[in-house]
J.: 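Here it is, the structure, as structure tokens.
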2 protein chains.
Amino acid sequence: MQRRTREAAVSRSISIADIARAANVSHSTVSRALRDSPLISAEVRARVQQIASEMGYVPNAIAQSLKERRTNTIGLVVTTIADPFYADVTKGVEETARPAGLSVFLSATYGDPMQELAAIETFRRRQVDGIIVISSRIEAHHRERLRRTRLPIVVVNSQASTGGHALTSVLIDDYAGAHLAMRHLLTIGHRRIAYIGVSNRPFSNERRHAAYIDALRAAGITPDPALTVVAQADPGPEADDVPLGAAALTRLLPLRPTAVFCYNDMLAIGALQSARAHGLSVPKHLSLVGFDDIATAQYVEPPLTTVAQPRLELGRRAMQMLHRLLAGQPVTSAVLKPDLTLRASTGPPDRNQ
Amino acid sequence: MQRRTREAAVSRSISIADIARAANVSHSTVSRALRDSPLISAEVRARVQQIASEMGYVPNAIAQSLKERRTNTIGLVVTTIADPFYADVTKGVEETARPAGLSVFLSATYGDPMQELAAIETFRRRQVDGIIVISSRIEAHHRERLRRTRLPIVVVNSQASTGGHALTSVLIDDYAGAHLAMRHLLTIGHRRIAYIGVSNRPFSNERRHAAYIDALRAAGITPDPALTVVAQADPGPEADDVPLGAAALTRLLPLRPTAVFCYNDMLAIGALQSARAHGLSVPKHLSLVGFDDIATAQYVEPPLTTVAQPRLELGRRAMQMLHRLLAGQPVTSAVLKPDLTLRASTGPPDRNQ
DNA sequence: GCGGGTAATGCAATCGTGTGCATCAATGCA
DNA sequence: TGCATTGATGCACACGATTGCATTACCCGC
């Protein structure tokens with residue numbers, strides 16, 4: 001195949017060498033001219049830039065990365081992009097990365113720790129400068145392996161049972177958020193409050209449940225273990241919490257709670273459907289509080305009172321922290337405070353019950 | 001700074017040269033051994049692979065890409081990842097790309113054609129093998145520029161007023177979907193049907209509206225132009241169609257339609273809220289049909305009858321088509337058929353009206 | 001007129017892999 | 001024993017860009 005060498009391959013995109021030939025200078029001069037090096041005379045610089053533009057030159061970021069040993073690229077690992085929560089965090093990451101000249105690799109893992117490690121391995125091969133992992137399921141022993149890779153990593157809302165230690169992390173304050181929800185329910189008069197949790201996000205579930213227990217105790221109420229239902233979710237997709245919430249509420253109804261605090265909005269929406277199916281009116285017969293404040297929460301009937309997570313902010317902060325790590329600056333983990341969004345799914349308990 | 005050169009820099013990750021030194025062979029031998037070349041003797045191959053594994057070798061994909069002139073990387077351009085529609089298509093793309101060894105760059109453009117072109121330019125610099133653009137806003141004259149880059153591009157649901165010509169595309173059949181919705185409304189007895197459209201997705205809006213008009217005419221009904229309201233949306237975010245839908249319905253109510261076909265579910269949800277605010281019961285006083293079948297559609301009250309787009313399938317197909325383009329195989333554009341999902345927001349018109 | 005300084009450019013190495021070609025040793029065959 | 005063949009390995013270049021250092025030409029001052 002002599003053709004390949006003679007005819008400059010199949011028409012590959014032009015390089016500084018091509019420009020150098022056209023301008024009758026060395027490729028070093030072209031490189032310097034394009035980078036506005038003061039070493040190059042004004043005329044030559046202008047001429048080279050002119051020619052480069054005419055030839056439609058596009059710098060090859062791969063070659064630059066190889067030389068600079070920096071790709072200006074980060075990897076983002078999410079459970080699934082189809083979940084609006086992760087989508088919003090992803091948006092926060094992406095919109096912060098882009099202006100900084102960083103491109104984002106996206107990889108989904110569907111809650112499987114092995115796939116998560118595989119995704120990180122792929123990113124490492126691709127020489128990303130850093131990695132952000134949302135709701136990591138990687139446990140402590142693998143953590144150690146990660147730290148040894150020396151790749152800057154920021155974890156968001158880690159779900160490892162050990163919490164976000166050892167790695168830089170940005171977390172939502174699950175305990176404080178749950179406390180807000182419970183204080184609200186207690187303040188408007190509820191005393192028989194149930195909790196619907198979920199099994200496949202162990203860390204934040206534990207924190208929210210702990211706040212639930214503590215808030216009850218602080219109000220002088222002895223928690224009834226029967227009022228806590230932790231839905232057994234598949235370790236995988238976590239696609240649909242709604243039916244889990246519906247089933248959980250069905251189990252709870254015979255115990256006559258006047259309010260339910262749900263681990264998240266999807267469970268709350270499921271509970272809402274179940275309540276309606278059982279002929280109960282929300283909030284008249286039953287108050288419901290969710291967690292996350294996903295967009296759907298405001299569109300269901302009645303609109304959901306919920307603990308709002310600053311999802312975009314989680315993503316932005318994670319990206320900012322990673323950016324500082326890349327610059328070699330010191331970074332401390334952050335904990336963000338959630339807010340309570342009051343809507344129409346909560347009200348005083350029914351006096352006639 | 002002699003240290004840098006003497007002490008092998010700051011501890012950079014190990015390369016085939018390091019393995020070569022440890023195994024007392026040349027780096028070519030290492031390269032061949034790791035790639036299972038038949039040129040290498042069995043013992044040497046085993047020894048090299050053993051040492052590589054012990055030293056924790058990770059191949060440098062950047063260097064490979066430079067050499068192979070192929071990055072096994074694609075760029076995905078979306079309007080905004082926070083919209084569940086784009087998130088689902090993205091999921092389809094990602095889950096199809098990963099098993100094929102392709103990594104996905106993600107970039108959001110917020111509906112700005114200039115940002116879209118900038119994103120594509122960045123991807124070109126990064127030498128992606130191909131690009132998928134969802135709901136492109138790039139018009140014909142820029143299209144031509146794109147085609148000349150010779151970069152394989154697949155567009156999904158292009159919104160250019162000229163349609164998806166000239167580039168490989170996968171489109172939803174907007175006309176057929178809208179026709180399904182209209183046939184349903186006409187069949188159950190509606191004759192005074194309104195249309196709520198949107199201005200910033202001109203192509204699909206035009207197709208859906210055309211089907212609306214044609215279906216009316218086919219039923220012997222002369223379309224009343226006053227019953228068509230096209231909400232003027234910002235060219236930018238397209239974040240919230242809900243208030244647009246609410247406002248549009250408020251304008252339509254004095255004209256007494258018995259049913260409204262909405263360009264998408266978000267507009268329909270806004271219309272639903274507005275109807276409720278005006279004391280109208282859905283579907284008793286007003287039937288509503290949306291388009292997309294986003295997750296929220298099934299959780300509002302009443303659940304929304306809507307035209308379901310195969311969102312994941314759109315993403316998967318786009319990725320499969322790009323894959324074939326990369327392999328140099330011939331590819332023809334595809335048009336996917338939507339389905340009608342019947343729920344509770346539609347019913348026969350109110351006799352007493 | 002010559003040495004020294006400065007401005008502008010080219011040479012060559014480098015980043016980490018992949019591979020055509022040359023080299024070398026061992027073996028087989030005459 | 002000598003030569004051809006085969007198998008295994010190393011050398012060197014390529015991919016495209018950046019950059020330290022050498023080189024060249026020019027100008028200035030003594």
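Naming: A, B, ... by sequence-line order, numbering from 1 per chain.
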J.: Do S28(B) and S31(B) get their side chains close enough for a donor-acceptor pair, meaning under 3.5 Å?
T.: no
J.: Rounded to the nearest 0.5 Å, what separation is found between the OG atom of S13(B) and the CD atom of Q127(A)?
T.: 5.5 Å
J.: So, applying side chain to side chain contact (heavy atoms under 4.5 Å, CB included) with T96(B), which one of R316(B), K91(B), R317(B), H323(B) is it?
T.: R316(B)
J.: Hey, is the main chain of I40(A) close enough, under 3.5 Å, to the side chain of R32(A) for a donor-acceptor pair?
T.: no
J.: Tell me which residues in residues 47-62 of chain A lie within less than 4.0 Å of DNA chain C, going by non-hydrogen atoms.
T.: none
J.: Is a donor on one side and an acceptor on the other found under 3.5 Å between the side chain of N157(B) and the backbone of S135(B)?
T.: no
J.: Is the phosphate of dG16(C) approached by Q64(B) (side-chain N or O, under 4.0 Å from OP1 or OP2)?
T.: no
J.: What is the distance, to the nearest angstrom, from the CZ atom on R69(A) to the C1' atom on dG16(C)?
T.: 9 Å
J.: How many Å lie between CG on L66(A) and C1' on dA13(C), as a whole number?
T.: 13 Å
J.: Roughly, in whole Å, what's the span from CZ in R21(A) to P in dG16(D)?
T.: 11 Å
J.: Within residues 22-43 of chain B, which residues have any heavy atom lying less than 4.0 Å from an atom of DNA chain C?
T.: H27(B), S28(B), S31(B), R32(B), R35(B)
J.: Distance check needed: dT17(C) C1' versus I19(B) CD1, whole Å only.
T.: 12 Å
J.: If I take atom CD1 in residue I16(B) and atom C1' in nucleotide dG16(C), what distance separates them, rounded to the nearest angstrom?
T.: 6 Å
J.: What are the two closest heavy atoms between V77(A) and F123(A), and how far apart are they?
T.: CG2-CE1, 3.6 Å
J.: Given T168(B), which partner from the list I153(B), V331(B), L322(B) fulfils the side chain to side chain contact (heavy atoms under 4.5 Å, CB included) test?
T.: V331(B)
J.: Find the distance R126(B):CZ to dA17(D):C1' and express it as a whole number of Å.
T.: 15 Å
J.: For the pair R47(B) (side chain) and A23(B) (backbone), establish whether a donor and an acceptor sit closer than 3.5 Å, ignoring hydrogens and angles.
T.: yes
J.: So, S103(B) versus R126(A): side-chain donor-acceptor pair below 3.5 Å or not?
T.: yes
J.: What integer distance in Å separates K67(B):NZ from dT19(C):P?
T.: 7 Å
J.: On DNA chain C, nearest-nucleotide positions of E68(B) versus V44(A): which is more 5'?
T.: V44(A)
J.: Please state how far atom CD in Q127(A) lies from atom C1' in dG16(C), giving the value in whole angstrom units.
T.: 9 Å
